[in-house]
Protein chains: 2
Amino acid sequence: MSEREYLGREMALHILKEAGLRRTEARVLILELMGESETPLEARQIQDLAAAKGMSEGLWLSTVYRNLELFAEKGLVQEVKPPESESIFYRLEVHGHNHYAICENCHMEIPLDLCPFEEIERQLQAADFVPTHHRLEVFGLCSACRRRLNR
Amino acid sequence: MSEREYLGREMALHILKEAGLRRTEARVLILELMGESETPLEARQIQDLAAAKGMSEGLWLSTVYRNLELFAEKGLVQEVKPPESESIFYRLEVHGHNHYAICENCHMEIPLDLCPFEEIERQLQAADFVPTHHRLEVFGLCSACRRRLNR
DNA sequence: CTGAATGCAAACGGTTTGCACGCCC
DNA sequence: GGGCGTGCAAACCGTTTGCATTCAG
């Protein structure tokens, strides 16, 4: 169980202000929902959660996608593309930590301490390769899901 | 420039036999084309290459997808999902090396020597997490593309 | 007030699926 | 000969785009 920092409305507003983005209802809500989630979320899940949470009129998928894209550009959010799913999941980028083990069933994440990136950077310098993103992802089953699925 | 082992027709036939798969024209061709490629390929590229190479009637996309999926199941091929592209790329799994820097422009790959996985496995054991896949991918621009694109 | 964000619908594009014919073993 | 693989077309589904309206600053 990792400590998860819930991110309330005022924090969401703050983040948006920091990023120089307009503070609309949709954006605040998306950030709040992501902040409350234990796992990365797909656009569709965000829409469902929004409906459940009381955004009376709901949240349009196109709005969710447009904002996730925007957030990703600003570095507020990261994409995850699990091998077994077509769709793209998004996680809040809270502390610049890109290294996780991700449960294929429930998508829970275990952060990994190790960052081998300095070493790799040295190797790439030799090849004159300029890195923009990197990711280290381990997929598998967490202990709860293994029990649940009997494997 | 890494040594790339071309994989000829007879080798492709051998691989299929090993995997217990029927040796059809389509499968042999797909493996050959992947073996000749410097980069991971999308289904569409495989189709185009097949047409260019003389598969007179061409190769249907559905056939390519069905076989890539099959190859992936058998562990002959791995998926790559680059952050900037919708589509799935596939690389031949030749020597069990999952760690690359991948050029976002030309998709050339630089294999990375470092495999931090033993260390990670230790961390995950403590969390009772059973890994099935892992990947370490660095995206960026190779030196040729940087020159070509003037960046 | 003005441009940016959203609601909504329609398009898009990569991938999947269903079915009949043809080929591998 | 029997069943798996392929050609082909049509569906699928996550995501993107266009446009009119609404809202934040």
Side-chain angles (χ1 to χ4, degrees), chain A residues 9-10 12-31 33 40-51 55-74 76-90 107, chain B residues 9 12-31 33 40-48 50-51 55-74 76-90 107:
Chain A
R9 185 180 180 77
E10 40 343 311
L13 289 166
H14 177 72
I15 290 177
L16 289 169
K17 181 154 216 172
E18 282 294 284
L21 299 176
R22 286 196 182 177
R23 277 142 287 160
T24 68
E25 194 49 32
R27 286 178 185 170
V28 174
L29 186 52
I30 293 172
L31 288 177
L33 291 170
L41 296 174
E42 325 177 43
R44 185 57 186 269
Q45 295 176 293
I46 293 175
Q47 187 189 39
D48 294 345
L49 290 170
M55 181 88 177
S56 50
E57 298 302 322
L59 204 50
W60 236 247
L61 267 181
S62 49
T63 302
V64 176
Y65 280 115
R66 279 190 275 236
N67 283 314
L68 288 174
E69 187 188 351
L70 182 69
F71 293 165
E73 273 167 27
K74 296 285 182 180
L76 304 179
V77 139
Q78 304 171 336
E79 300 186 351
V80 188
K81 300 182 179 182
E84 5 59 59
S85 169
E86 323 304 314
S87 46
I88 307 174
F89 290 71
Y90 297 83
H107 298 103
Chain B
R9 183 176 183 79
L13 289 167
H14 177 73
I15 290 177
L16 289 170
K17 181 152 218 175
E18 283 293 285
L21 298 176
R22 283 197 183 174
R23 277 142 288 158
T24 67
E25 194 49 34
R27 287 178 184 168
V28 174
L29 186 52
I30 293 171
L31 287 178
L33 291 170
L41 296 175
E42 325 177 42
R44 185 53 185 271
Q45 294 177 292
I46 293 176
Q47 187 188 39
D48 294 345
M55 180 89 176
S56 50
E57 298 301 322
L59 201 52
W60 236 249
L61 267 182
S62 48
T63 301
V64 176
Y65 280 116
R66 279 190 275 234
N67 283 314
L68 288 173
E69 188 188 351
L70 182 69
F71 293 166
E73 272 167 27
K74 297 284 181 181
L76 303 178
V77 139
Q78 304 171 336
E79 301 186 349
V80 188
K81 300 181 179 183
E84 4 60 56
S85 169
E86 323 304 316
S87 44
I88 306 175
F89 290 72
Y90 296 83
H107 299 104

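Source: prediction; values computed, not measured. Residue numbers start from 1 in every chain, and the chains themselves are labelled A, B, ... in the order their sequence lines are given, proteins ahead of strands.
At distances below 3.5 Å, at least one donor-acceptor pair connects side-chain atoms of B:Q47 with backbone N or O atoms of B:L59. A distance-only check finds a donor-acceptor pair linking the side chain of A:Q45 to the backbone of A:E42 [under 3.5 Å]. Checking side-chain atoms of A:E79 against main-chain N and O of A:Y90 turns up no donor-acceptor pair under 3.5 Å. The backbone N or O of B:P82 sits less than 3.5 Å from a side-chain atom of A:K81, completing a donor-acceptor pair.
Donor-acceptor pairing under 3.5 Å, judged by distance alone, is absent between the side chain of B:R44 and the base of C:dG13. The base of C:dG22 is not paired with the side chain of B:R22 by any donor and acceptor separated by under 3.5 Å.
Between the CD atom of A:E25 and the P atom of D:dA24 there is a distance of 8 Å, rounded to whole Å. Spacing between atom NZ of B:K81 and atom P of D:dT15 amounts to 10 Å, rounded to whole angstrom units. Note: CG (A:L61) to P (C:dA10) measures 16 Å, nearest angstrom. Atom CZ in B:F89 sits roughly 14 Å away from atom C1' in C:dT15 (whole-Å rounding). Whole-Å rounding puts the B:Q47 CD to D:dT6 P distance at 14 Å. In this entry the distance linking CD of B:E79 with P of C:dG14 reads 16 Å, nearest Å. In this structure, the CG atom of B:L16 is 14 Å from the C1' atom of C:dC25, given to the nearest Å. A straight line from CZ of B:R27 to C1' of C:dC25 spans 13 Å, rounded to a whole angstrom.
Closest to the side chain of A:A26, out of C:dT6, C:dC19, D:dG14, is C:dT6. Distances from the side chain of B:S62 to the nucleotides C:dT16, D:dC23, D:dT17 place C:dT16 closest. Ranking D:dT15, D:dG7, D:dC19 by closeness to the A:I88 side chain, first place goes to D:dT15.
When each of A:T24 and A:A43 is assigned the nucleotide of DNA chain D with its nearest heavy atom, A:A43 is the one assigned upstream, toward the 5' end. Toward the 5' end of DNA chain C, the nearer of the two residues B:Y65 and A:N67, judged by each one's closest nucleotide, is A:N67.
Proximity of A:R23 to the phosphate of D:dG25: a side-chain N or O atom is located under 4.0 Å from OP1 or OP2. A close approach under 4.0 Å does occur between a side-chain nitrogen or oxygen of B:T63 and OP1 or OP2 of D:dG7.
Of the charged side-chain nitrogens involved, at least one lies within less than 4.0 Å of a carboxylate oxygen, so that B:E25 and B:R9 count as a salt-bridged pair.
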